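What follows is a short report on a single structure.
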Amino acid sequence: MYYFIEPMVEDDVPYVQAIEQQSFTTSWSANTYRREVRNTQSCRYVVAKASGSPPTSLSKNGGVPNAQRTGIFSQLVSTLLLGMPAQLTPQATNPIVGYGGLWVTLDEAHVTTIAVDPIHRGRGIGELMLNTLIDHAYELSAQMLTLEVRVSNHTAQQLYLKYGFQVVGSRRRYYTDNGEDALIMSTDSIHTPDYKNQLRDHRRHLFARLQAQSKP
Ligand SMILES: CC(C)(COP(=O)(O)OP(=O)(O)OC[C@H]1O[C@@H](n2cnc3c(N)ncnc32)[C@H](O)[C@@H]1OP(=O)(O)O)[C@@H](O)C(=O)NCCC(=O)NCCS
């Protein structure tokens with residue numbers, strides 16, 4: 001199976017909500033998603049799609065949203081994973097298997113949501129989306145990333161720890177469904193040579209993993 005990333009569009013929202021319902025106990029309305037997708041000034045939302053064959057029919061930027069080809073992730077994804085781009089692939093043949101997003105205020109990129117279809121978890125898709133979102137954080141001139149995560153959500157915490165997030169605080173009874181606390185996890189500056197080197201290393205490993213998985 002091949003996985004690739006595209007910008008979320010309004011038509012994706014029902015598919016995104018289907019994954020959301022399997023991933024979270026509370027959900028956003030379709031209107032909330034549409035509003036976020038339209039707010040291109042400060043928001044970036046992406047979907048991960050699956051393809052049974054090499055996704056040769058991707059947008060010109062190699063599947064990375066918004067035609068930003070200057071980021072290191074864009075370059076790597078184009079050359080290592082996706083091959084030569086051509087035209088857009090119809091959604092019907094490439095189902096959405098994950099989604100995520102962030103919004104930026106001042107110099108802070110807030111990861112608002114990220115989820116992978118349960119049957120596609122553990123294959124690098126969550127990491128692929130987080131990588132894309134980090135690239136968007138650079139594009140939007142963010143200095144650091146932050147998010148909230150349930151105290152009990154160790155899987156997501158591991159993903160965030162891997163990408164330099166650290167626990168910097170908590171919000172008491174943040175989640176209204178069960179009154180669970182949230183951990184606030186944030187990165188230091190994403191512009192330091194150390195952070196960029198770690199990011200590059202993680203990306204190389206991720207693409208090697210995704211390439212290995214795609215072999216028959
Ligand atoms: C969190 C989530 C997005 C991860 O996506 P995924 O595609 O399954 O994860 P990946 O395969 O990309 O794994 C990336 C990293 O996540 C962590 N991770 C993934 N699955 C894990 C597991 N079962 N146990 C512990 N860590 C895990 C690891 O750090 C992993 O890196 P590694 O492979 O080098 O160990 C996914 O589990 C999910 O959708 N969960 C439900 C929604 C959710 O909780 N979202 C986060 C809200 S804050």
Side-chain angles (χ1 to χ4, degrees), residues 1-6 8 12 15-28 32-33 36 43-51 63 73 76-77 80-81 94-103 108-137 145-171 173-187 197-214:
M1 190 64 75
Y2 297 83
Y3 298 109
F4 59 95
I5 304 289
E6 288 185 352
M8 189 189 295
D12 293 336
Y15 306 96
V16 164
Q17 287 184 300
I19 296 171
E20 182 186 48
Q21 278 163 21
Q22 297 177 76
S23 306
F24 300 113
T25 49
T26 56
S27 52
W28 289 4
T32 300
Y33 277 112
E36 295 279 297
C43 296
R44 290 286 186 277
Y45 282 80
V46 299
V47 290
K49 293 186 173 182
S51 171
F73 177 62
L76 281 169
V77 94
L80 295 178
L81 184 62
N94 295 308
I96 292 172
V97 295
Y99 69 94
L102 58 71
W103 51 262
E108 192 174 291
H110 192 119
V111 177
T112 53
T113 187
I114 185 166
V116 175
D117 183 328
I119 62 167
H120 290 272
R121 286 182 192 160
R123 300 179 190 176
I125 303 169
E127 196 173 339
L128 183 62
M129 292 192 297
L130 185 61
N131 269 280
T132 308
L133 295 175
I134 294 171
D135 223 35
H136 282 308
L145 293 125
T146 189
L147 53 81
E148 283 95 16
V149 59
R150 284 178 191 265
V151 168
S152 64
N153 193 347
H154 302 293
T155 300
Q157 288 166 30
Q158 285 305 311
L159 171 62
Y160 303 141
L161 285 168
K162 183 172 177 179
Y163 279 81
F165 289 81
Q166 292 170 328
V167 176
V168 295
S170 65
R171 297 191 201 285
R173 302 184 64 78
Y174 182 76
Y175 296 98
T176 50
D177 59 334
N178 64 352
E180 187 172 354
D181 294 353
L183 295 178
I184 305 167
M185 296 184 76
S186 302
T187 63
N197 286 338
Q198 278 178 21
L199 190 57
R200 191 178 288 272
D201 284 350
H202 285 327
R203 287 172 173 180
R204 287 193 187 285
H205 285 119
L206 173 64
F207 297 143
R209 173 187 178 184
L210 290 168
Q211 280 189 316
Q213 278 176 190
S214 65

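Everything quoted here is computed from the prediction, not taken from an experiment. We count ligands from 1, going down the list as the structure has it; atoms in each ligand are counted the same way.
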#### Entry: N/O separation below 3.5 Å, R121 to ligand 1
yes
### Query
How does N153 reach ligand 1, if at all, at less than 4.0 Å between non-hydrogen atoms: by side chain, backbone, both, or neither?
side chain
### Task
Please work out which of the three classes, parallel, tilted or perpendicular, describes the rings of H110 and W103, given edges at 30° and 60°.
parallel
### Donor-acceptor pair between T112 and E36 side chains, under 3.5 angstrom
no
### Parallel, tilted or perpendicular, as decided by the 30° and 60° cut-offs, for the rings of Y99 and Y33
perpendicular
### Task
Could you check which of G124, G122, A115 puts a non-hydrogen atom nearest to atom 6 (P) of ligand 1?
G122
### Task
Could you tell me which atoms of ligand 1, counted from 1 in the order shown, lie closer than 4.0 angstrom to a heavy atom of A156?
1 (C), 46 (C)
### Task
Ignoring hydrogens and angles, tell me if any N or O in the side chain of H120 forms a donor-acceptor pair with the backbone of I125 under 3.5 Å.
no
### Message
Within ligand 1, which atoms have a heavy atom of K162 less than 4.0 Å away?
### Response
31 (O), 32 (P), 34 (O)
### S23 N/O to ligand 1 N/O under 3.5 Å
no
### Message
I'd like to know if the side chain of D181 pairs up with that of S170 as donor and acceptor (distance under 3.5 Å, no hydrogens or angles considered).
### Response
no
### Message
Under 4.0 Å and counting heavy atoms only, is there anything from the protein next to atom 2 (C) of ligand 1?
### Response
no
### Message
Check this for me - ligand 1, V149, N or O atoms closer than 3.5 angstrom, yes or no?
### Response
no
### Taking atom 7 (O) of ligand 1 as the reference point, the nearest protein heavy atom with its distance
G126 N, 2.8 Å
### Message
For atom 35 (O) of ligand 1, is there a protein heavy atom at a distance under 4.0 Å?
### Response
no
### atom 15 (C) of ligand 1 protein-contacted, heavy-atom criterion under 4.0 angstrom
yes
## Note on the structure
ligand 1 atoms nearer than 4.0 angstrom to some heavy atom of R123 are 11 (O)
#### Entry: Minimum non-hydrogen distance to atom 19 (C) of ligand 1, winning option of V116, T155, D117
T155
### Query
Nearest protein heavy atom to atom 26 (N) of ligand 1, by residue and atom, and its distance?
Q158 CB, 3.5 Å
### Message
Less than 4.0 Å is my threshold; does some heavy atom of R209 fall inside it relative to ligand 1?
### Response
yes
### Query
Quick one: which of L183, T187, I114, V167 gives a side-chain contact (heavy atoms from CB on, under 4.5 Å) with Y160?
I114
### Query
Rounded to the nearest 0.5 Å, how far does NZ of K162 lie from NE2 of H205?
8.5 Å
### Message
Under 4.0 Å, heavy-atom basis, I'd like to know which part of Y3 is in contact with ligand 1: side chain, backbone, both or neither.
### Response
neither
### Task
Report yes or no: is the cationic atom of R150 (NZ for Lys, CZ for Arg) under 6.0 Å from the centre of the six-membered ring of Y175, at an angle within 45° of the ring normal?
yes
### Message
Side chain or backbone, does I114 bring an N or O within less than 3.5 Å of an N or O on ligand 1?
### Response
yes
#### Entry: Identified side-chain contact (heavy atoms from CB on, under 4.5 Å) partner of E127 from the options V116, L159, L210
L159
### Message
I need the N131 CG to H136 NE2 distance, nearest 0.5 Å.
### Response
11.5 Å
### Query
Does the pair Y174 and E148 meet the rule for a side-chain hydrogen bond (donor to acceptor under 3.5 Å, both in side chains), with working shown?
CA-CA 9 Å; Y174 182 76; E148 283 95 16; 3.2 Å; yes
### Message
Looking at ligand 1, would E148 count as a contact under a 4.0 Å heavy-atom criterion?
### Response
yes
